[in-house]
Colleague: 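Structure below; questions to follow.
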Amino acid sequence: MSKVNLDYLDELEAEAIHILREVAGQFEKPALLFSGGKDSITLVRLAEKAFRPGKFPFPLVHIDTGHNFQETITFRDQMIERIGEKLIVGYVQDSIDEGKVIEQKGKNASRNALQTVTLLDTIAKHGFDACIGGARRDEEKARAKERIFSVRDEFGQWDPKRQRPELWNIYNGKIHKGENVRVFPISNWTELDVWNYIKREKMELPSIYFAHERDCITRNGQLMAASPFLNMDQEDVVERRQVRFRTVGDMSCTAAIASGATELDDIIEEISASKISERGARMDDKVSEAAMEDRKKGGYF
């Protein structure tokens, strides 16, 4: 029998496809959480490889804070039209209007933390028992603690001590009524792996990932895109800068980096030389030392 030699991207792809098919086989109502960022776009490509020519065995779900980059929303809508899959959108504004969450005030206010309630309500409304996401272990130390199949209790909360062993690529999706599982097929990928895969697969991305000129302000040492969603005052000086974004989130909490990388090879070279995680550009992770873990315990993805 001849031995098939796979490169590391083939191995990562095969593992992720196996996980996606495990989700389809073990759960009745899974969903794929889609942010419009590079990681969730990668998940869509992997789902195409796992299930085409058939339809996906799950809808895509986007939790829309209303403070997104317009480039991301435009890309999302164009992609959904291209792939012909179902999109469910949960709106944070609805949670605010219903009095379930209170919008933050102050200069550094953000809706990012509010989306947890909208997410949990969307899961409950549609009865999802598994939610697939693009989190990776290299992003942040709290995410490094999490298994590929991560059980959440009936309140949507994560207990880092309640982890299941995952030996020999065997995933246990057994849950009790009301519980759900968060599934992370690209847990073992790095940011550089994702970009190399994007290059190999010739995938399209929102334009904000590439260097472009944009009006920015400097806040807390970070370059923030000037927008109506930032509570700006006379101390905020707007400058035209050449920037790009390493991660996609709310405009109110996602910082840009100064960059001239307009091509994939430029981005890959830039990331290879960087000593800062892409989450280093997320202001919401700087609230406290355990900011991400605290949000995950409350139901955040």
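Note that these values count all heavy atoms, side chains included, but never hydrogens, waters or copies made by symmetry. Throughout, residue positions are numbered sequentially from 1 according to the sequence presented.
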Colleague: Contact between Phe229 and Met251 at the side-chain level, heavy atoms closer than 4.5 Å - yes or no?
Modeller: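 Phe229 reaches Met251 side chain to side chain.
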Colleague: Any chance you could measure Ser187, atom OG, to Arg147, atom CZ, to the nearest 0.5 Å?
Modeller: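 The OG atom of Ser187 sits 10.5 Å away from the CZ atom of Arg147.
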Colleague: Checking the side chain of Thr122 only, and the main-chain atoms of Thr118 only, is there a donor and an acceptor separated by less than 3.5 Å?
Modeller: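 Yes; at least one donor-acceptor contact below 3.5 Å.
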Colleague: Any chance you could lay out the side chain to side chain contact (heavy atoms under 4.5 Å, CB included) test for Trp189 and Tyr197, step after step, and finish with the verdict?
Modeller: CA-CA 10 Å; Trp189 298 42; Tyr197 190 74; 3.7 Å; yes
Colleague: Ignoring hydrogens, what is the shortest heavy-atom contact between Ile41 and Pro206? Give both atom names and the distance.
Modeller: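 Heavy atoms of Ile41 and Pro206 come nearest at CD1-CD, 3.6 Å.
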Colleague: Please set out all donor-acceptor pairs under 3.5 angstrom arising from side-chain atoms of residues 167-175, sequence neighbours excluded.
Modeller:
| from | atom 1 | to | atom 2 | distance (Å) |
| --- | --- | --- | --- | --- |
| Asn172 | OD1 | Lys174 | N | 3.0 |

Colleague: About how many Å separate NZ of Lys107 and CD of Glu235, when rounded to the nearest 0.5 Å?
Modeller: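 Rounded to the nearest 0.5 Å, the CD-NZ separation comes to 4.5 Å.
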Colleague: Between Arg219 and Glu239, is there a salt bridge with N-O shorter than 4.0 Å?
Modeller: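 So Glu239 does not pair with Arg219 through a salt bridge.
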Colleague: May I ask you to test the Thr254-Met224 pair for a side-chain heavy-atom distance under 4.5 Å?
Modeller: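 They are not in side-chain contact.
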Colleague: Between the main-chain N or O of Asn112 and the side-chain N or O of Gln115, is there a donor-acceptor pair closer than 3.5 Å?
Modeller: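 Yes; judged by distance alone, with no hydrogens or angles, the pair exists.
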Colleague: Side chain to side chain donor-acceptor pair (under 3.5 Å) between His62 and Arg76: does it pass, once the steps are laid out?
Modeller: CA-CA 9 Å; His62 181 214; Arg76 178 200 71 182; 2.8 Å; yes
Colleague: Counting N and O atoms only, with roles assigned by atom type, does the side chain of Ser40 sit under 3.5 Å from a partner on the main chain of Gly37, one being a donor and the other an acceptor?
Modeller: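 Yes, Ser40 side chain to Gly37 backbone: donor-acceptor pair under 3.5 Å.
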Colleague: Hey, does Ile96 have a side-chain heavy atom less than 4.5 Å from the side chain of Leu114?
Modeller: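 When only atoms from C-beta onward are counted, Ile96 and Leu114 do touch, with a gap below 4.5 Å.
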Colleague: Please check: side-chain N/O of Ser274 versus main-chain N/O of Glu270, any donor-acceptor pairing under 3.5 Å?
Modeller: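 No, because the side chain of Ser274 does not come within donor-acceptor range (under 3.5 Å) of the backbone of Glu270.
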Colleague: Honestly curious: do Phe75 and Val243 fall in one hydrophobic cluster under the side-chain, below-4.5 Å linking rule?
Modeller: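 No; Val243 is not reachable from Phe75 via cluster members.
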Colleague: Do NZ/NE/NH1/NH2 and the carboxylate oxygens of Glu146 and Arg137 come within less than 4.0 Å?
Modeller: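 No, this pair does not count.
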Colleague: Answer yes or no: is there a side-chain heavy-atom contact under 4.5 Å between Cys131 and Val61?
Modeller: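 When only atoms from C-beta onward are counted, Val61 and Cys131 do not touch, as no gap falls below 4.5 Å.
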Colleague: For the residue pair Ile198 and Thr42, what are the closest heavy atoms and their distance?
Modeller: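 Closest approach of Ile198 to Thr42, heavy atoms only: CG1-OG1, 4.1 Å.
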Colleague: Under the criterion side chain to side chain contact (heavy atoms under 4.5 Å, CB included), I'd like the reasoning laid out for Glu213 against Arg241: C-alpha separation, chi angles, the key distance, then a yes or no.
Modeller: CA-CA 5 Å; Glu213 287 196 350; Arg241 299 289 297 270; over 6 Å; no
Colleague: Keeping Asn68 on the side-chain end and Ile73 on the backbone end, is there a donor-acceptor pair under 3.5 Å?
Modeller: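 Checked: no pair found.
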Colleague: Can you measure from CG (Leu87) to CD1 (Ile80) and round to the nearest 0.5 angstrom?
Modeller: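 The distance works out to 4.5 Å.
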Colleague: Does the side chain of Arg214 come within less than 4.5 Å of Phe245's, by heavy atoms?
Modeller: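 They are in side-chain contact.
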Colleague: Tell me whether Asp7 contacts the main-chain N or O of Asp10 through its side chain, where contact means a donor paired with an acceptor under 3.5 Å.
Modeller: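 The answer is yes, because a donor-acceptor pair under 3.5 Å joins these two groups.
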Colleague: For the residue pair His126 and Phe128, categorise the inter-ring angle as parallel (less than 30°), tilted (30 to 60°) or perpendicular (more than 60°).
Modeller: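 The rings of His126 and Phe128 lie parallel, inter-plane angle below 30°.
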Colleague: Are Arg52 and Glu85 within salt-bridge range, i.e. N to O under 4.0 Å?
Modeller: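 Salt bridge: yes.
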Colleague: Side-chain heavy atoms nearer than 4.5 Å, only ILVMFWY residues, links allowed to pass through others: does that put Leu223 and Ile271 together?
Modeller: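 Per the 4.5 Å side-chain linkage, Leu223 and Ile271 are not co-clustered.
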Colleague: Determine whether a donor-acceptor pair (N or O, by modelled atom type, separation under 3.5 Å) exists between the side chain of Glu179 and the backbone of His176.
Modeller: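 Between the backbone of His176 and the side chain of Glu179 there is a qualifying donor-acceptor contact (under 3.5 Å).
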Colleague: Using atom types as modelled and distance alone, determine if a side-chain donor or acceptor of Asp215 lies under 3.5 Å from a backbone N or O of Ala226.
Modeller: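 No, Asp215 side chain to Ala226 backbone: no donor-acceptor pair under 3.5 Å.
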Colleague: Any side-chain heavy atom of Ile132 within less than 4.5 Å of one from Pro185?
Modeller: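 Sidechains of Pro185 and Ile132: in contact.
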Colleague: Do you know which two heavy atoms are closest between Ala135 and Phe184, and how far apart they sit?
Modeller: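 Looking at all heavy atoms of both residues, the shortest contact is CB-CD2, 3.6 Å.
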Colleague: Taking all heavy atoms of Asp64 and all of Val89, pick out the closest pair and write down the distance.
Modeller: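 Minimum heavy-atom separation between Asp64 and Val89: CB-CG1, 3.8 Å.
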Colleague: What do you reckon, is CD of Glu263 surrounded by more than 12 foreign heavy atoms closer than 6.0 Å?
Modeller: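 No, not enclosed.
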Colleague: In Å, rounded to the nearest 0.5 Å, how long is the span from OG1 of Thr116 to CD1 of Ile63?
Modeller: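 Between atom OG1 of Thr116 and atom CD1 of Ile63 there are 9.5 Å.
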Colleague: Step by step, work out the side chain to side chain contact (heavy atoms under 4.5 Å, CB included) result for Met79 and Val44.
Modeller: CA-CA 10 Å; Met79 191 203 72; Val44 170; 4.0 Å; yes
Colleague: I need the Ile267 CD1 to Leu192 CG distance, nearest 0.5 Å.
Modeller: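 Answer rounded to 0.5 Å: 11.5 Å.
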Colleague: For Asp236 and Asp233, indicate whether the former's side chain and the latter's backbone hold a donor-acceptor pair under 3.5 Å.
Modeller: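 Checking the backbone N and O of Asp233 against the side chain of Asp236, a donor-acceptor pair under 3.5 Å is found.
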Colleague: Linking I/L/V/M/F/W/Y whenever any side-chain heavy atoms sit under 4.5 Å apart, do Tyr8 and Ile19 land together?
Modeller: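 Yes; Ile19 is reachable from Tyr8 via cluster members.
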Colleague: Using every non-hydrogen atom in the two residues, find where Ala109 and Asn231 come nearest and quote the distance to one decimal.
Modeller: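 Nearest heavy atoms, Ala109 then Asn231: CB-ND2, 3.7 Å.
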Colleague: What's the verdict on side chain to side chain contact (heavy atoms under 4.5 Å, CB included) for Phe69 and Asp250, showing C-alpha distance, side-chain angles and the deciding distance?
Modeller: CA-CA 7 Å; Phe69 289 88; Asp250 271 13; over 6 Å; no
Colleague: How about Thr190 and Asp138: does a side-chain donor come under 3.5 Å of a side-chain acceptor?
Modeller: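 Asp138 and Thr190 do not have a side-chain donor-acceptor pair below 3.5 Å.
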Colleague: Counting N and O atoms only, with roles assigned by atom type, does the side chain of Thr74 sit under 3.5 Å from a partner on the main chain of Gln70, one being a donor and the other an acceptor?
Modeller: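 Checked: pair present.
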Colleague: Which heavy-atom pair separates Asp129 from Pro30 by the least distance, and what is that distance?
Modeller: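 Minimum heavy-atom contact is OD1-N, 3.6 Å.
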Colleague: Looking at side-chain heavy atoms only, is the closest gap between Asp97 and Tyr91 below 4.5 Å?
Modeller: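 The answer is no; the side chains never approach within 4.5 Å.
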Colleague: Please determine if Arg111 and Glu103 form a salt bridge, counting it only when a charged side-chain N lies under 4.0 Å from a carboxylate O.
Modeller: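 Glu103 and Arg111: salt-bridged.
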Colleague: Are more than 12 heavy atoms from other residues, nucleotides or ligands located less than 6.0 Å from atom CD of Glu204?
Modeller: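 At most 12 heavy atoms, drawn from other residues, nucleotides or ligands, come within 6.0 Å of this atom.
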Colleague: Rounded to the nearest 0.5 Å, what separates atom CD1 in Ile268 from atom NZ in Lys199?
Modeller: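 Reported to 0.5 Å precision, the distance equals 5.0 Å.
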Colleague: Pick from Glu191, Met203, Arg246: which one makes a side chain to side chain contact (heavy atoms under 4.5 Å, CB included) with Lys38?
Modeller: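 With Lys38 as partner, Glu191, Met203, Arg246 yield a single side chain to side chain contact (heavy atoms under 4.5 Å, CB included), made by Glu191.
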Colleague: Can you sort out the partners of Arg21 under side-chain contact (heavy atoms from CB on, under 4.5 Å), two or more places apart, ordered by chain and number?
Modeller: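 Ile17, Ala50, Phe51.
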Colleague: May I ask you to test the Asn220-Asn108 pair for a side-chain heavy-atom distance under 4.5 Å?
Modeller: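 The answer is yes; the side chains approach within 4.5 Å.
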